[in-house]
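Naming convention: chains lettered A, B, ... in sequence-line order (proteins, then strands); numbering from 1 in each chain.
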Protein chains: 2
Amino acid sequence: MIKKISIGDIATALNISKSTISFIINGKAKEKRISLALTEKVLQYIDENGYKPSRLAQSLSTGKTMIIGLMVEKISDYFFAQMAYHIEEIAYQNGYKIFYCSTDNDPDKTRELIQLFRDRNVDGYIITPPAGMEKEIQSLIDEGSPVVLFDRYYPDIESSYVILDNFKASYNASKYLAEHAFAHIAFITLDSDQSQMEDRKQGYVKAMAEHGLEVIVEKVLYGNDPAQTVKQLVRFLRQNKRVDAVYFATNYLAFSGVKAINQLGYKIPGTMGIIAFDDHQVFDFYEPTITAVAQPISELARQSIRVLLSLLNKPFEERAVQKVTVPAHFIIRDSTARPL
Amino acid sequence: MIKKISIGDIATALNISKSTISFIINGKAKEKRISLALTEKVLQYIDENGYKPSRLAQSLSTGKTMIIGLMVEKISDYFFAQMAYHIEEIAYQNGYKIFYCSTDNDPDKTRELIQLFRDRNVDGYIITPPAGMEKEIQSLIDEGSPVVLFDRYYPDIESSYVILDNFKASYNASKYLAEHAFAHIAFITLDSDQSQMEDRKQGYVKAMAEHGLEVIVEKVLYGNDPAQTVKQLVRFLRQNKRVDAVYFATNYLAFSGVKAINQLGYKIPGTMGIIAFDDHQVFDFYEPTITAVAQPISELARQSIRVLLSLLNKPFEERAVQKVTVPAHFIIRDSTARPL
DNA sequence: TAATTAAACAAAACCAGTTTAGCAAAATGA
DNA sequence: TCATTTTGCTAAACTGGTTTTGTTTAATTA
């Protein structure tokens, strides 16, 4: 067990004061008028003895931990995992480390996690907030912590956020179906009041209205047992035989939907066209390949961390709220081929 | 910006000393003979004013950060994401927080990350090490940091590890193919010398030998462009027409393999049986469903964090090396139905 | 009744840095 | 030549805890 050396050890060894060393390490040698001779002597000593300042002590005295708290819905989801990956990379380049965790969309768990991050003195937050966390988010901001919401936001809170243009993306996807000879287009969504879900629905509704098509919205439960969701979708499709296209509000709903459609013996494409919101590796691998609204993950990640870093670099009073909306990509694949 | 109160603030407010408060907070009131009256007074004050000790200060003085460093190959992979999820949960229950990151199997990146974790004073490590990190791992152990290797290990280092019984699992999977009328079974693996890959290969080789079958091993490159891998597999299958079953050493190789097989117009099952090592959600969703060797992720996670916690709870001298091997599950699905 | 022990707490050192204020010596200016 | 400025550095306070040692007063014990 090799003991690490401290700034005090160096001070003793060279018979100078800690402050001098601190100034030199932090590049303030000239500013603080430390002679070149001493500066180099110290630098050399550090180099030879492999000294690294303790981040803990640094954090304690500066009040900065250089840690960013990243709270996503579920880190094992492809979308969030990719987000985390990109955010982390840029954070590292800027000297920040990431604490990340999954909220599971559970308000209680999220509250605990926010408290945990607060306890750990993270410098800033990137959060995909579950519904109903307005108070907690607001109090974070009030405390002076930079916060960037991501993927969804609270209309009633003045916070920075980075989101997809869900409405437009959803409108375009729905319009595409309407313009490609599909006559009864169902929208399958979650029973949730998250902002992004509502926006997706509204985009669909607008497109249907413009094309004089029937609005068929089915809200399904998506819990721990995907089989339940499949069952519900089978029932829905049985009761709505006129439906010839299904537009799923999330990719995992599409997974269950495809299972349901297969169970009913419908053909994709042919009897049924499908689109999924939020692309997935598997959509390109499945037979048939599945048309999807793709979120530009790396762009969303870049924007999120960019906004957060800009907040972190400004003092409390100068922090302006930044609201960023990023357009989606529409990836046309086999599952939306014109019905026969 | 509300300023947090410190232990010193309480001391001033109640006109008592910091040490007294510290003892009370840490449940040492009786041991340190603090009167019940004072104890309750302090506790009440803390409750009313919402005091929380600074973890930074605590870490600085105790030398413990209560942070575990978790380094996986790629956090966006389903397997590692799930691992992280389970490990994190148990870590939280024990008061630990997780720093996690992806090595991308890159030795240089890994070295940097280890340094980063070291700088951040993590209390212990769980690592899926890329090849050739023996020196770095050894020096971590020498420094007194508890380390648990996971998924793979270094035969030459006396470190704790938790791995799957890759050899046996692979042997069983290969045997299954051999016993189900497949005559030319190819093993597709990475061009890698990681211990778990070698074990999987050896399991396959043994099963082939026992059944008097030809050993057909193809090492493919898996880089940033999966299309390249698909190309290579198409070429391989074209040149080896006798192959009637393919056993993939990882799930993502299976993805590329299925693409290749589809491109060639082969039927699964029928012309070709396939097995993937390491299960994936999609294998159960794909048509046909794909037989796989499943790693018991939650068990692996539980064991890893259990071993690490047991090391963390012991002083340096008492830490015994723990080597844990966990058996796999073999999940038989449609893709290994008997050839026609 | 004096010496000892226990009770109840305070003071101070320590963790490892940063930062402000200050001080002696040398250089400059009037 | 004496006052002032600059140079080059140090001492000490501060971040917010933990832990060891000390001190006073009251209760036992011999």
Side-chain angles (χ1 to χ4, degrees), chain A residues 1 3-43 45-46 49-67 95 118-121 123 144, chain B residues 1 3-43 45-46 49-67 95 118-121 123 144:
Chain A
M1 284 235 264
K3 220 200 142 237
K4 283 187 193 161
I5 67 171
S6 75
I7 200 169
D9 297 334
I10 303 178
T12 309
L14 298 181
N15 199 30
I16 57 178
S17 103
K18 291 198 298 173
S19 36
T20 306
I21 302 169
S22 178
F23 293 141
I24 292 173
I25 290 170
N26 294 308
K28 296 183 186 166
K30 282 132 288 176
E31 181 190 336
K32 295 289 177 179
R33 297 183 302 256
I34 312 293
S35 69
L36 205 71
L38 186 54
T39 302
E40 284 184 345
K41 187 173 161 194
V42 169
L43 254 23
Y45 187 92
I46 286 174
N49 298 73
Y51 165 73
K52 283 247 175 185
S54 152
R55 277 210 168 268
L56 279 173
Q58 278 186 147
S59 295
L60 185 60
S61 62
T62 60
K64 306 215 153 296
T65 53
M66 300 301 281
I67 294 175
R118 201 189 243 134
D119 286 356
R120 297 287 184 168
N121 297 282
D123 288 344
Chain B
M1 284 234 264
K3 219 199 145 240
K4 284 187 192 162
I5 66 172
S6 75
I7 201 169
D9 297 334
I10 304 178
T12 311
L14 298 181
N15 199 30
I16 56 178
S17 105
K18 291 198 297 174
S19 41
T20 306
I21 302 169
S22 178
F23 292 141
I24 292 173
I25 290 171
N26 294 309
K28 295 182 186 166
K30 282 132 287 175
E31 181 190 335
K32 295 290 176 178
R33 296 184 302 256
I34 311 294
S35 67
L36 205 72
L38 186 55
T39 301
E40 286 184 343
K41 187 172 160 194
V42 168
L43 254 24
Y45 187 92
I46 286 174
N49 299 72
Y51 165 73
K52 283 247 173 183
S54 152
R55 277 211 168 269
L56 280 173
Q58 279 185 144
S59 295
L60 185 59
S61 64
T62 61
K64 307 216 152 297
T65 53
M66 301 300 280
I67 295 176
R118 201 189 242 133
D119 286 357
R120 297 287 184 168
N121 297 282
D123 288 344

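- D:dT18 atom C1' lies 14 Å from atom CZ of B:R55, rounded to whole Å.
- For the pair A:D9 CG and C:dA16 P, the computed distance is 8 Å after rounding to whole Å.
- Atom CG in B:L14 sits roughly 10 Å away from atom P in C:dA10 (whole-Å rounding).
- As judged by a 4.0 angstrom heavy-atom cut-off over every strand, A:K28 is placed among residues touching the sugar-phosphate backbone only.
- Between the C1' atom of C:dC9 and the CD1 atom of B:I21 lies a distance of 12 Å, rounded to the nearest Å.
- Applying the side chain to side chain contact (heavy atoms under 4.5 Å, CB included) test between B:L38 and each of B:I21, B:L14, B:I16 identifies B:I16 as the sole match.
- Between the side chain of A:D9 and the main chain of A:S6, a donor-acceptor pair closer than 3.5 Å is present.
- The nearest pair of heavy atoms linking B:Q58 to B:P53 is OE1-CB, 3.8 Å.
- Taking atom CD of B:E31 as the reference point, atom P of C:dA7 lies 13 Å away to the nearest angstrom.
- Of the possible polar contacts, none joining the B:S22 side chain to the B:K18 backbone as a donor-acceptor pair under 3.5 Å is found.
- Side-chain atoms of B:T65 and B:D123 include a donor-acceptor pair closer than 3.5 Å.
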* Asked: What does nucleotides 7-17 of chain D look like as a protein-contact string, B for base, S for sugar-phosphate only, - for none, at under 4.0 angstrom between heavy atoms?
  -> BBBBB---BBB
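- For the residue pair B:S17 and B:A11, the shortest heavy atom distance occurs at C-CB, 4.1 Å.
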